[in-house]
*Asks:* 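Questions regarding the structure given below will be posed in turn.
Numbering of ligands and ligand atoms starts at 1, following listing order. Here the structure is a predicted model, which is why all the values come from computation and not from measurement.
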Amino acid sequence: MWRRVTSLSPVMSTSKPTSLDQAASGFKIWRSSFSTETPTLVKDGTTSFKERNPFITFVLGGPGSGKGTQCQKIVETFGFKHLSAGELLRREIESNSEHWSQMLNTIKEGRIVPSEVTVRLIQQEMESSDSNKFLIDGFPRTEENRIAFEQLIGLEPNVVLFFDCPEEEMVKRVLNRNQGRVDDNIDTVKKRLKVFEILNLPVIDYYSKRGKLCKINAVGTEDEIFEKVRPIFSACAGK
Ligand SMILES: Nc1ncnc2c1ncn2[C@@H]1O[C@H](COP(=O)(O)OP(=O)(O)O)[C@@H](O)[C@H]1O
Ligand SMILES: O=c1ccn([C@@H]2O[C@H](COP(=O)(O)OP(=O)(O)O)[C@@H](O)[C@H]2O)c(=O)[nH]1
Ligand SMILES: [Mg+2]
C-alpha cells in the first residue's frame with residue numbers, strides 16, 4: 001500500500017527543505033521501499049567512478065527555460081554525455097519498471113520523484129558511460145536531491161548552469177513544445193513553476209553561494225543563448 005499527497009498546499013506551507021521534498025514527492029511509503037545503503041562505486045573491479053575524476057555539470061532552470069535545447073548544443077560542440085533526469089524517468093515509465101504508475105502520476109502532477117530513484121538512474125548512466133564529462137539536465141530539483149547525489153555519488157558538480165527565464169516565456173515554450181508529454185499542459189505547468197520556485201531556487205542559491213553558478217539570461221534565440229554558454233566550456237576545452 002502507498003499513499004499519495006494530492007494537494008500542493010503542503011509544499012507552500014512549510015519552510016524545511018527535507019519535509020518540503022517529502023511533500024513534493026508525496027511517496028513516503030514508496031520512498032521507504034528503496035535502500036539507502038551507499039551503492040558500490042566500483043565500475044570494473046579496479047576503478048571507482050569517483051577515481052575517474054569526472055567533470056560534472058548540473059543544468060538547471062524552470063520548465064521550458066531551454067535546458068535540453070542548450071544541452072544538445074553543448075554535446076555537439078564540446079562532446080559531453082547528456083543525461084536528462086526527466087528523460088531517464090520517462091524511459092523507466094515506458095519500460096513499465098517497478099513503480100512506473102507512481103512515477104507517471106508524480107510527473108503529471110509536477111511533483112518530484114524520490115531522490116533514491118533518480119540518483120540511481122543517473123548513477124547507472126554515468127558509471128556505464130565511456131565519457132568522463134557529464135551534463136546532468138534537470139537535476140537536482142530539490143535540496144534533498146542535491147544532498148542525496150552528494151552522499152550516494154560522493155561528488156559535487158564542477159559547474160552549475162542556470163537558465164534564467166521569465167515565467168510567461170517558459171509557459172509559452174512548454175505549451176508549444178509539442179512532444180506529447182503528459183506534463184506539458186497549463187495546469188501542470190503552473191504547479192511545476194511553483195515547485196521550481198519553492199524547491200529548486202534554494203538549490204540554485206546554494207550553488208551561487210559556493211561560487212559554482214553560471215546564470216544565463218535565457219531570453220533570445222537558441223543561438224544567441226548558446227553564445228553565452230560557449231565561453232563557460234571553451235576555457236576548459238580549448239574551443
Ligand atoms: N531560446 C529559445 N527561444 C524559443 N524557443 C525555445 C528556445 N529554446 C528552446 N526553445 C523551445 O522551447 C521548448 C522548451 O525547450 P526545452 O529545451 O525542452 O526546455 P527545458 O528542457 O528547460 O524544459 C522546446 O520546444 C524548444 O524547442
Ligand atoms: O530530478 C528530477 C527530474 C525530473 N523529475 C520529474 O520529471 C518532470 C519532467 O522533468 P524534465 O527535466 O524532463 O522537464 P523540463 O524542465 O525539461 O520541462 C519534472 O517536472 C518532475 O516531475 C523529477 O521528479 N526529478
Ligand atoms: Mg528538458
*Asks:* Could you find the nearest protein heavy atom to atom 16 (O) of ligand 2 and give me its residue, atom name and distance?
*Replies:*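 So the nearest neighbour among protein heavy atoms is Lys67 NZ, 2.7 Å.
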
*Asks:* Check this for me, if you would: do Lys194 and Glu197 make a salt bridge, where the nitrogen-to-carboxylate-oxygen distance has to be below 4.0 angstrom?
*Replies:*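 No, Lys194 and Glu197 are not salt-bridged.
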
*Asks:* I'd like the name of whichever of Lys172, Arg173, Arg192 reaches closest to atom 12 (O) of ligand 1 through any heavy atom.
*Replies:*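 Comparing heavy atoms across Lys172, Arg173, Arg192, the nearest one to atom 12 (O) of ligand 1 lies in Arg173.
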
*Asks:* Quick one, Phe162 and Ile216 - any side-chain contact, counting heavy atoms below 4.5 Å?
*Replies:*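 Result no, sub-4.5 Å side-chain heavy-atom pair not found.
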
*Asks:* For ligand 2, which atoms have a heavy atom of Ala85 less than 4.0 angstrom away?
*Replies:*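 By the 4.0 Å cutoff, the relevant atoms are 1 (O), 2 (C), 3 (C).
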
*Asks:* Between Glu169 and Lys172, does any side-chain N to carboxylate O distance fall below 4.0 Å?
*Replies:*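 Yes.
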
*Asks:* Return the residue, atom name and 0.1 Å-rounded distance of the protein heavy atom closest to atom 19 (O) of ligand 1.
*Replies:*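 I find the closest protein heavy atom is Gly66 N, 3.2 Å.
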
*Asks:* Quick one: are Pro140 and Leu60 in side-chain contact, heavy atoms under 4.5 Å?
*Replies:*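 Yes; the side chains approach each other to less than 4.5 Å.
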
*Asks:* Any idea which protein heavy atom is nearest atom 15 (O) of ligand 1, and the distance to it?
*Replies:*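 For atom 15 (O) of ligand 1, the nearest protein heavy atom is Thr69 OG1, 3.6 Å.
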
*Asks:* Out of Arg111, Arg141, Arg192, whose heavy atom sits nearest atom 21 (C) of ligand 2?
*Replies:*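 Closest candidate by heavy-atom distance is Arg111.
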
*Asks:* In terms of side-chain geometry, is the basic nitrogen of Lys67 or Asp137 positioned less than 4.0 Å from the acidic oxygen of its partner?
*Replies:*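 Here Lys67 does not pair with Asp137 in a salt bridge, since their nearest N and O are not under 4.0 Å apart.
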
*Asks:* I need the contact type for Thr118 against ligand 2. Using non-hydrogen atoms and a strict under-4.0 Å cut-off, is it side chain, backbone, both or neither?
*Replies:*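 The side chain, only.
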
*Asks:* Considering distance alone, does some N or O of Asp137 sit under 3.5 Å from an N or O of ligand 1?
*Replies:*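 No, no N or O pair falls under 3.5 Å.
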
*Asks:* Looking at Glu168, I'd like to know if its CD atom is crowded, meaning that more than 12 non-hydrogen atoms belonging to other residues, nucleotides or ligands lie closer than 6.0 Å.
*Replies:*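 Atom CD in Glu168 is not crowded, with 12 or fewer foreign heavy atoms closer than 6.0 Å.
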
*Asks:* Which ligand 1 atoms does Gly62 reach within 4.0 Å, using its non-hydrogen atoms?
*Replies:*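 Heavy-atom distances to Gly62 below 4.0 Å select 22 (O).
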
*Asks:* Could you check whether any side-chain heavy atom of Met170 comes within less than 4.5 Å of a side-chain heavy atom of Leu193, counting everything from C-beta outward?
*Replies:*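 Heavy-atom side-chain distance check passes, below 4.5 Å.
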
*Asks:* Going by distance only, is there an N or O of Gly68 that falls short of 3.5 Å from an N or O of ligand 1?
*Replies:*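 Yes - when backbone and side-chain N and O of Gly68 are compared with those of ligand 1, one distance drops under 3.5 Å.
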
*Asks:* State whether the shortest distance between N or O atoms of Asn176 and N or O atoms of ligand 1 falls below 3.5 angstrom.
*Replies:*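 No; every N/O pair is 3.5 Å or more apart.
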
*Asks:* Are the charged groups of Lys81 and Asp130 less than 4.0 angstrom apart, N to O?
*Replies:*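 No, Lys81 and Asp130 are not salt-bridged.
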
*Asks:* Of the side chain and backbone of Arg177, name the one, both, or neither that has a heavy atom under 4.0 Å from an atom of ligand 2.
*Replies:*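 Side chain only.
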
*Asks:* Should Asp183 and Lys108 count as an ion pair when the cut-off is N to O under 4.0 Å?
*Replies:*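 Judged by the 4.0 Å cut-off on N to carboxylate O distance, Asp183 and Lys108 do not form a salt bridge.
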
*Asks:* A cation-pi test, strictly: NZ or CZ of Arg146 under 6.0 Å from the centre of the six-membered ring of Tyr206 and no more than 45 degrees from its axis. Yes or no?
*Replies:*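 Verdict for Tyr206: a cation-pi partner in Arg146.
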
*Asks:* Taking only heavy atoms of Arg90 into account, list the atoms of ligand 2 that are under 4.0 Å away from them.
*Replies:*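 Ligand 2 atoms under the 4.0 Å threshold to Arg90: 9 (C), 13 (O).
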
*Asks:* Taking a cutoff of less than 4.0 Å between a non-hydrogen atom of the residue and any ligand atom, is Arg181 in contact with ligand 2?
*Replies:*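 A heavy atom of Arg181 does come that close to ligand 2.
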
*Asks:* How does Val195 reach ligand 2, if at all, at less than 4.0 Å between non-hydrogen atoms: by side chain, backbone, both, or neither?
*Replies:*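 Within the 4.0 Å criterion, Val195 makes no contact with ligand 2.
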
*Asks:* Would you please say whether a donor-acceptor pair under 3.5 Å links the side chains of Glu222 and Thr69?
*Replies:*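 No, Thr69 and Glu222 have no side-chain donor paired with an acceptor closer than 3.5 Å.
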
*Asks:* For Arg177 and ligand 1, does the shortest N/O to N/O distance drop below 3.5 Å?
*Replies:*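 Yes: some nitrogen or oxygen of Arg177 is under 3.5 Å from one in ligand 1.
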
*Asks:* Within ligand 2, which atoms have a heavy atom of Gly138 less than 4.0 Å away?
*Replies:*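 Heavy-atom distances to Gly138 below 4.0 Å select 1 (O), 2 (C), 3 (C).
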
*Asks:* Glu76 and Gln72: side-chain donor and acceptor closer than 3.5 Å?
*Replies:*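 Looking only at side-chain atoms, Gln72 and Glu76 do not form any donor-acceptor pair under 3.5 Å.
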
*Asks:* What is the closest protein heavy atom to atom 8 (N) of ligand 1, and at what distance does it sit?
*Replies:*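 Minimum-distance protein heavy atom for atom 8 (N) of ligand 1 reads Glu222 CG, 3.6 Å.
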
*Asks:* Between Ile225 and ligand 1, which residue portion shows a heavy-atom distance shorter than 4.0 Å: side chain, backbone, both, or neither?
*Replies:*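 The answer is the side chain.
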
*Asks:* Take atom NZ of Lys215 as the centre, draw a 6.0 Å sphere, and report whether it contains more than 12 heavy atoms from other residues, nucleotides or ligands.
*Replies:*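 No, the 6.0 Å shell around NZ holds no more than 12 heavy atoms from other groups.
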
*Asks:* Where is the nearest protein heavy atom to atom 7 (O) of ligand 2: which residue, which atom, and how far?
*Replies:*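 Checking every protein heavy atom, the shortest distance to atom 7 (O) of ligand 2 gives Ile107 CG1, 3.7 Å.
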
*Asks:* Any nitrogen or oxygen of Asp137, side chain or backbone, less than 3.5 Å from one on ligand 2?
*Replies:*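 No, Asp137 has no N/O under 3.5 Å of an N/O on ligand 2.
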
*Asks:* Are side-chain N/O atoms of Asp205 and Ser208 paired as donor and acceptor at under 3.5 Å?
*Replies:*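 No pair is found: no donor N or O on one side chain lies under 3.5 Å from an acceptor on the other.
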
*Asks:* Assess Gly64 for proximity to ligand 1: is some non-hydrogen atom of it under 4.0 Å away?
*Replies:*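 Per 4.0 Å heavy-atom rule, Gly64 contacts ligand 1.
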
*Asks:* To check your reading of the model: name the closest protein heavy atom to atom 1 (N) of ligand 1, its residue, and the distance in Å.
*Replies:*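 Residue, atom and distance for the closest contact: Gly220 O, 2.8 Å.
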
*Asks:* For atom 8 (C) of ligand 2, what is the nearest protein heavy atom, given as residue, atom name and distance?
*Replies:*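 Checking every protein heavy atom, the shortest distance to atom 8 (C) of ligand 2 gives Asp183 OD2, 3.9 Å.
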
*Asks:* Considering only heavy atoms of Leu89, which atoms of ligand 2 have at least one such atom less than 4.0 Å away?
*Replies:*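 Once the distances to Leu89 are compared, the set is 4 (C), 5 (N), 6 (C), 23 (C), 24 (O), 25 (N).
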
*Asks:* Under 6.0 Å from the ring centre and within 45 degrees of the ring axis: does the NZ or CZ of Lys133 meet both conditions for the six-membered ring of Phe80?
*Replies:*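 Judged by the rule, Lys133 and Phe80 form a cation-pi pair.
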
*Asks:* Going by the angle between their ring planes, with limits at 30° and 60°, are Phe55 and Phe233 parallel, tilted or perpendicular?
*Replies:*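 Ring orientation of Phe55 relative to Phe233: perpendicular.
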
*Asks:* Under 4.0 Å from a heavy atom of Ile112: which atoms of ligand 2 are those, numbered in the order shown and with their elements?
*Replies:*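 Going through ligand 2 atom by atom, the ones under 4.0 Å from Ile112 are 24 (O).
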
*Asks:* When you compare ligand 2 with Val113, is there at least one nitrogen or oxygen pair between them that comes in under 3.5 angstrom?
*Replies:*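 There is such a contact, yes.
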
